[in-house]
**Q** 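First, the structure itself, so that you have it in front of you.
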Amino acid sequence: MIAEIKNLNQHAGQTVTVRGWLYQKRSSGKVRFAVMRDGTGYLQGVLAQGTGSDAAFSVFEQLTQESSFTMTGIVREEKRAPGGYEMTVTDLGVIQIAGEYPITPKEHGPSFLMDNRHLWLRSSRQHAIMRVRNEIVMAIRQFFYDRGFILIDTPILTGAIGETATTLFETEYFDLGKAYLAQTGQLYVEAAAMAHGKVYCFGPTFRAEKSKTRKHLNEFWMIEPEVAFNDSEANMQLQEDLICYIVTRVLERSRAEFTVLERDTSKLELVKPPFPRLSYDDAIARLRRAGMTIEWGNDFGAPDEEKLMEEYDRPLFVFNWPTECKAFYMKRDPNRPDTVLCDDLLAPEGYGELVGGSQREDDLELLRERIREHKLPLESYEWYLDLRRYGSVPHAGFGLGLERTVAWICGLDHVRETIPFARTLGRLYP
RNA sequence: UGGGGAGUGGCCUAGUGGUAAGGCAACCGGCUGUUAACCGGUCGAUCGCAGGUUCGAAUCCUGCCUCCCCAGCCA
C-alpha cells in the first residue's frame with residue numbers, strides 16, 4: 001500500500017510504501033538510516049541485517065542526497081523519532097540517482113540560495129513558508145466568500161491607467177500601441193462593485209520601481225476588496241476583521257510551520273481587535289514630540305514608521321492623510337479638504353505598511369478636477385468617470401500586500417522568501 | 001540613483017606584504033540506534049576582472065563588474 005508520511009499514524013504495524021527524496025543518510029556499522037522527505041513530512045527508514053533485503057542494502061549504497069526513491073517496510077511507533085514513527089525497511093527502489101546536490105545542510109549566502117531557488121524550495125524552512133502562504137491565501141478567500149464577496153479577476157494587461165506612469169512595465173500591444181502590466185486592479189474592481197456590491201480581486205501586480213529593500217518586489221500579489229456604500233470607517237473595520245481572521249486561522253492551522261520557522265507566536269496572539277487608530281495629524285504631533293523632523297504634508301519615511309510603531313504590539317491605523325501625498329481617486333474629507341478619507345495599516349515588529357485603503361471620490365466634477373491636477377490623460381479615464389455618471393454611490397476599498405503579510409506572520413527578514421520565485425531588481429532567474 | 005559593506009575550492013569562513021588554512025559537500029575505509037552522528041583518510045583554489053606599485057600582492061593603489069544592507073518609491 002502507498003502512503004504519505006503525514007498519514008503514517010494510521011498505518012502503525014502495517015507494511016507500506018512511501019515515495020520521496022533522500023534528505024539524509026547515515027550508517028552505524030551494519031545498521032543504515034535513510035531519511036526520506038515526501039513533501040508531507042520526514043521519515044527515517046532503518047535498514048538492518050536480517051530485516052532488509054540484500055537488494056535494499058545495495059540501493060542504500062547508491063542513494064545520494066535528493067535522489068528519488070521508494071521505501072517499503074513496517075511502520076513502527078518510535079519515541080526517538082521526531083515525527084513519532086519510523087520504518088523498518090524491507091525494500092528500497094531507485095527512481096533516479098541525484099547528482100551532487102548544491103544545497104548542503106550548512107549555511108549559504110542569499111544570492112547562492114536565490115540562484116538555486118528551484119531547489120531551495122525543498123528546504124524545510126522554505127517548505128514551511130510556502131505552507132503558511134497557502135494557509136493565508138485560503139483564509140483570505142474563505143473570509144471573502146463567507147461574507148458574500150464576489151471574486152473579480154482584473155486585467156493584467158492594461159492601457160494607460162493606474163496611479164502614475166513612471167512605475168509601469170511596458171510592452172507592445174498589436175496596433176494599439178503600448179500596454180502596461182497592471183500595478184493595481186482597483187479601478188476595475190470599482191466598476192465591478194457597482195455591479196455586485198461587494199467584490200475583491202486577488203492577483204499579481206507589477207511595479208517597475210528600482211527599489212531594493214526587504215519590503216519590495218517588482219511582482220507581488222495583492223488582495224483588493226471594494227465595497228459599494230462603505231465609507232472610510234467601514235473600510236477600516238473590514239481591514240481589521242480580515243487581518244484578525246487571517247491571524248486566528250494561521251494560529252490554528254500552521255503551528256507546525258511556526259515551530260520550523262521559530263516564529264514567536266505570542267506576538268501574533270496579541271493581534272486582537274480593536275486596532276489602535278491615529279489620525280495623520282496626531283501621528284505627526286507624536287512623531288515630532290519623539291524628536292523626528294517630519295513636516296505636516298510629508299509621507300512617512302521608514303524611520304518615522306518604525307518610531308511610531310515602537311509603542312504598539314498590534315497593527316496601527318493611520319487615517320486621513322494630506323491630499324497632496326495621496327492618489328487622485330481618494331475622496332476629500334468634506335470637513336478638511338486638505339486631507340483625504342484614507343488609511344494605512346502599519347504592521348508591528350517593523351514590517352511596515354500592510355494595507356493602503358480609502359473611500360473613493362464619487363463626485364464626477366471633483367474626480368475630473370483631480371485627474372487634471374495629477375496631469376493624467378482624461379480620455380483614458382472616461383470609463384472610470386462613467387461610474388460617477390451612472391448611479392454613483394459612496395464606496396471604499398483597500399489593497400493588502402500578500403508578501404508583506406506572509407513576511408510579518410512568518411517573522412521573516414525579507415519578502416523575497418515569501419513568494420516561490422521572487423522578481424526583484426536584477427533577478428529574473430530562475 | 002545615493003550612502004555603507006563584501007567578493008578566497010561546489011558551499012561557508014580564516015588569512016591585511018613573504019608564496020593560501022579550516023569546516024561542510026563529494027570520494028574511500030571503520031563502527032548494530034544514528035538523527036546538522038562520530039572516527040581515520042583522499043580529492044579539490046591561477047584568492048571577482050583588468051591594470052599598477054614591489055625583490056615579492058589574496059593582502060597596497062586605480063578603474064570596472066557583481067552581490068548584500070540602508071534610504072527613496074510603495075503593498
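Just so it is clear: chains get the letters A, B, ... in the order the sequence lines come, proteins before strands, and each one is counted from 1. The analysis underlying the following values was restricted to heavy atoms, covering all of them including side chains, and did not include hydrogens, waters or symmetry mates.
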**Q** In whole Å, I'd like the distance from the CG atom of L168(A) to the C1' atom of C73(B).
**A** 13 Å

**Q** Choose from A75(B), C69(B), U34(B) the nucleotide whose nearest atom is closest to any side-chain atom of F33(A).
**A** U34(B)

**Q** Could you check whether F220(A) gets within reach of a base, just the sugar-phosphate, or nothing at all, counting any heavy atom under 4.0 Å?
**A** base

**Q** Starting the side chain at C-beta, find the nucleotide from A25(B), C69(B), G33(B) nearest to V46(A).
**A** G33(B)

**Q** Give a yes/no answer on whether the side chain of R214(A) brings an N or O atom under 4.0 Å of OP1 or OP2 in C70(B).
**A** yes

**Q** Quick one: look up who U16(B) pairs with, Watson-Crick or G-U, both distances under 3.5 Å, and put none if it's unpaired.
**A** none

**Q** Take T88(A) and C325(A), find for each the nucleotide of RNA chain B with the closest heavy atom, and name the residue whose nucleotide sits nearer the 5' end.
**A** T88(A)

**Q** Which nucleotide in the set C73(B), A37(B), C74(B) lies at the smallest distance from any side-chain heavy atom of R207(A)?
**A** C74(B)

**Q** I'd like to know if R404(A) reaches the base of C74(B) with its side chain, counting only an N/O donor and acceptor under 3.5 Å.
**A** yes

**Q** Report which part of the nucleic acid A302(A) touches: base, sugar-phosphate, or nothing (heavy-atom distance under 4.0 Å, all strands).
**A** sugar-phosphate

**Q** Which residue, S27(A) or P102(A), contacts RNA chain B at a nucleotide closer to its 5' end, judged by nearest heavy atom?
**A** P102(A)

**Q** Pick base, sugar-phosphate or nothing for G352(A), based on heavy-atom distances below 4.0 Å to the nucleic acid.
**A** nothing

**Q** Of the nucleotides G72(B), C73(B), C68(B), which one has an atom closest to the side chain of D299(A)?
**A** C73(B)

**Q** For the side chain of K30(A), starting at C-beta, report the closest nucleotide among U34(B), U32(B), G72(B).
**A** U32(B)

**Q** Using both distances under 3.5 Å as the test, list the Watson-Crick or G-U wobble partner of G40(B), or none.
**A** C28(B)

**Q** Give the nucleotide from the list C12(B), U34(B), C74(B) with an atom nearest to the side chain of E305(A).
**A** C74(B)

**Q** Nearest to the H216(A) side chain among A37(B), A75(B), C69(B), which nucleotide is it?
**A** A75(B)

**Q** Establish, yes or no, whether the cationic atom of K25(A) lies under 6.0 Å from the six-membered ring centre of F60(A) and within 45° of the ring axis.
**A** yes

**Q** Mind checking R416(A) for me? I need base, sugar-phosphate or nothing, with any heavy atom below 4.0 Å counting as a touch.
**A** sugar-phosphate

**Q** Answer with base, sugar-phosphate or nothing: what part of the nucleic acid does L217(A) contact at a heavy-atom distance below 4.0 Å?
**A** base

**Q** Of the options G33(B), A75(B), U35(B), whose atoms approach the side-chain atoms of P82(A) most closely?
**A** U35(B)

**Q** Return the value, rounded to whole Å, for the distance between atom CG of L354(A) and atom C1' of A75(B).
**A** 8 Å

**Q** Partner lookup for G51(B), please. Criteria are Watson-Crick or G-U wobble with both distances under 3.5 angstrom; report none if nothing qualifies.
**A** C61(B)

**Q** Is it the case that C74(B) (base atoms only) and T213(A) (side chain only) share a donor and an acceptor within less than 3.5 Å, ignoring hydrogens and angles?
**A** no

**Q** Would you confirm whether T90(A), through its side chain, and G52(A), through its main-chain N or O, come within 3.5 Å as a donor-acceptor pair?
**A** no

**Q** Cation-pi between R277(A) and F317(A): NZ/CZ under 6.0 Å from ring centre and within 45° of the ring axis?
**A** yes

**Q** Is it true that atom CZ of F144(A) has more than 12 heavy atoms of other residues, nucleotides or ligands lying nearer than 6.0 Å?
**A** yes

**Q** For a quick check of understanding: with a heavy-atom distance under 4.0 Å over all strands, which category does E86(A) fall into, base, sugar-phosphate or nothing?
**A** base

**Q** Please find out if less than 6.0 Å separates the ring center of Y381(A) from that of F328(A).
**A** yes

**Q** In this structure, are over 12 heavy atoms from other groups packed under 6.0 Å from D146(A) atom CG?
**A** yes

**Q** Atom CD of E353(A) and atom P of G72(B): how far apart are they, to the nearest Å?
**A** 12 Å

**Q** Atom CG of L425(A) to atom C1' of C70(B): distance rounded to whole Å?
**A** 15 Å

**Q** Got a salt bridge between R37(A) and E66(A), using NZ or NE/NH1/NH2 to carboxylate O under 4.0 Å?
**A** yes

**Q** Nearest to the side chain of R80(A) - C73(B), U35(B), C31(B)?
**A** U35(B)

**Q** Ignoring the backbone of S211(A), work out which of G72(B), A25(B), U34(B) is nearest its side chain.
**A** G72(B)

**Q** For nucleotides A21(B) and C47(B), find the distance between their C1' atoms and express it as a whole number of Å.
**A** 12 Å

**Q** Is it the case that U35(B) (base atoms only) and Q24(A) (side chain only) share a donor and an acceptor within less than 3.5 Å, ignoring hydrogens and angles?
**A** no

**Q** Determine the contact category for V35(A): base if any of its heavy atoms lies under 4.0 Å from a base atom, sugar-phosphate if only primed atoms, P, OP1 or OP2 are that close, otherwise nothing.
**A** nothing

